[in-house]
Visitor: 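Pasting in a structure now, in structure tokens, and then I'll have a few things to ask.
Ligands are counted one by one from 1 in listed order, and the atoms in each one are counted from 1 as well. Sequence positions, counted from 1, serve as the residue numbers for this chain.
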Amino acid sequence: EAKARGKNQWVEYERAIGRSRLQRLELVESLRASVAAGDLTLVYQPVVRASTGYITGVEALARWKSNGVDVPPDVFIRVAEETGLVVALGDVVLDQAARDAAVISRAAGGDFNVSVNISAKQLREPDFVTKVERAMAKMDGATLVLEITERDGIGTDPASMSAMSTLADRGVPFAIDDFGVGFSSIGYLQDMPVRIIKTDLSFSESIDRDERSCALLCSITMMGQALGLDVVVEGIERASQLDHLRDHVHAPFAQGYLMHRPMPLDQLVKVIAENRALPAIPQRDPARVS
Ligand code: C2E
Ligand code: MG
Ligand code: MG
Ligand code: MG
């Protein structure tokens with residue numbers, strides 16, 4: 001139902017964007033004003049160790065209201081990409097996430113990842129490394145992970161490569177997001193300082209219903225692990241998908257509505273505290289506990 005509602009909203013905005021240039025302009029101007037005012041919020045979705053349910057990190061996801069109405073991220077992020085606003089938007093997100101990370105880090109007590117999605121455009125900006133370092137300085141022990149999506153092409157240009165390797169040297173892990181749907185050559189994994197892959201939502205959709213689909217996710221996971229990468233499987237919505245993830249796919253990390261939905265910071269702090277107080281979720285097959 002939530003999914004259907006999201007889809008309708010999306011269709012509405014698509015129509016608004018497609019139908020009239022005026023409406024699109026209004027959306028752009030509204031987004032520009034919000035970005036300038038820092039008027040975006042972040043919600044956080046936990047990433048868990050698949051075998052235990054233990055929260056090992058969170059992903060920051062931007063939320064935006066235009067005139068009081070939620071605009072789906074797929075819509076405003078694309079508008080931001082198309083207009084170049086994504087760079088300023090990314091600054092707001094990075095700054096907010098860094099401040100929140102200090103709070104999250106205290107709640108988690110120790111090793112903890114805070115992931116931020118970045119656009120390929122940000123990576124090409126000359127001052128990106130400086131901005132990230134400034135953010136890291138505020139994060140109080142949490143590890144900043146940068147997610148770049150494969151969809152709009154991984155930046156193999158010299159500026160992006162140099163920013164990535166500089167940041168990687170300073171201890172920033174890079175994650176390839178929506179892995180597997182970008183149709184770019186996976187050979188780049190050899191040359192880039194990537195530490196994590198996050199499989200696209202579509203790969204987990206039918207793992208509990210279709211053997212071939214499960215085999216596909218299994219192969220992607222094995223490849224990632226053979227390259228020494230951490231693999232996060234996104235889009236786990238049903239218990240039966242999680243069962244398949246544990247019993248057949250053996251991916252170390254998972255993210256999805258079944259475990260946790262994206263939530264505001266105050267709620268996240270409580271969820272982390274509860275998660276820390278729980279004994280590790282017992283395994284069906286103890287031999288597989290890592
Ligand atoms: P993403 O980075 O791949 O983030 C995961 C998306 O999947 C999020 O959508 C999340 O709410 C959703 N999701 C998580 N678990 C499930 C599940 O079990 N089932 C389903 N169906 N969906 C699940 P969201 O928040 O709508 O964000 C969409 C995309 O917008 C993100 O995909 C990311 O590419 C982009 N985005 C969000 N925030 C930012 C940002 O601050 N900067 C940039 N550049 N992009 C962002
Ligand atoms: Mg992401
Ligand atoms: Mg993704
Ligand atoms: Mg995505």
Visitor: Check contact between D74 and ligand 1, using heavy atoms of the residue and a distance below 4.0 angstrom.
Guide: yes
Visitor: Has Q122 got any heavy atom lying under 4.0 angstrom from an atom of ligand 1?
Guide: no
Visitor: Would one find an N or O of V86, backbone or side chain, under 3.5 Å from an N or O of ligand 1?
Guide: no
Visitor: Does the Lys NZ or Arg CZ of R238 fall within the cation-pi geometry relative to Y257 - under 6.0 Å from the ring centre and within 45° of the axis?
Guide: no
Visitor: Cut-off 3.5 Å, side chains only: do D169 and T166 have a donor facing an acceptor?
Guide: no
Visitor: Any nitrogen or oxygen of E237 lying under 3.5 Å from a nitrogen or oxygen in ligand 1? Just yes or no.
Guide: yes
Visitor: Once you restrict to heavy atoms under 4.0 Å, what part of E59 touches ligand 1? Side chain, backbone, both or neither.
Guide: side chain
Visitor: State whether the side chain of T56 and the backbone N or O of R49 hold a donor-acceptor pair below 3.5 Å, judged by distance alone.
Guide: no
Visitor: Just checking N67: does its CG atom have more than 12 heavy atoms from other residues, nucleotides or ligands closer to it than 6.0 angstrom?
Guide: no
Visitor: Are a donor atom and an acceptor atom from the side chains of T199 and E234 found within less than 3.5 Å of each other?
Guide: no
Visitor: Could you identify the N, O or S atom of E234 positioned closest to the Mg ion (ligand 3)?
Guide: OE2
Visitor: Measure from the side-chain N and O atoms of R246 to the backbone N and O of A50, and report whether any donor-acceptor pair falls under 3.5 Å.
Guide: yes
Visitor: Hey, which N, O or S atom on E59 ends up closest to the Mg ion (ligand 2)?
Guide: OE2
Visitor: Are E82 and R24 ion-paired here, with the side-chain N under 4.0 Å from a carboxylate O?
Guide: yes
Visitor: Answer yes if the side chains of Q255 and K198 hold a donor-acceptor pair under 3.5 Å, and no otherwise.
Guide: yes
Visitor: For atom 43 (C) of ligand 1, tell me which residue out of L42, V93, N117 has the closest non-hydrogen atom.
Guide: N117
Visitor: Of all the heavy atoms in G90, does at least one lie under 4.0 Å from an atom in ligand 1?
Guide: no
Visitor: Relative to the heavy atoms of D177, which atoms of ligand 1 are at a distance of less than 4.0 Å?
Guide: 1 (P), 2 (O), 3 (O)
Visitor: Quick check on the Mg ion (ligand 2): does T149 put an N/O/S atom closer than 2.8 Å to it?
Guide: no
Visitor: Out of Q45, E81, Q255, R63, indicate the one that has the non-hydrogen atom closest to atom 15 (N) of ligand 1.
Guide: Q45
Visitor: Does a sphere of radius 6.0 Å around CZ in R195 hold more than 12 heavy atoms from other residues, nucleotides or ligands, not counting ones at 6.0 Å or beyond?
Guide: no
Visitor: Using only N, O or S atoms, tell me which atom of D177 is closest to the Mg ion (ligand 2).
Guide: OD2
Visitor: Whether the side chain of N275 engages the backbone of I55 through a donor-acceptor N/O pair (distance < 3.5 Å, no angle test) should be reported.
Guide: yes
Visitor: Is the distance from the Mg ion (ligand 2) to some N, O or S atom of D178 under 2.8 Å?
Guide: no
Visitor: When you measure from the Mg ion (ligand 2) to the N, O or S atoms of E147, does any of those distances fall below 2.8 Å?
Guide: yes
Visitor: Can you confirm whether the side chains of D200 and S202 place a donor and an acceptor under 3.5 Å from each other?
Guide: yes
Visitor: For P262, which part has a heavy atom under 4.0 Å from ligand 1: side chain, backbone, both, or neither?
Guide: side chain
Visitor: For atom 10 (C) of ligand 1, which of the options L61, V43, I236 provides the nearest non-hydrogen atom?
Guide: L61
Visitor: Any idea which part of D178 is under 4.0 Å from ligand 1, heavy-atom wise: side chain, backbone, both or neither?
Guide: side chain
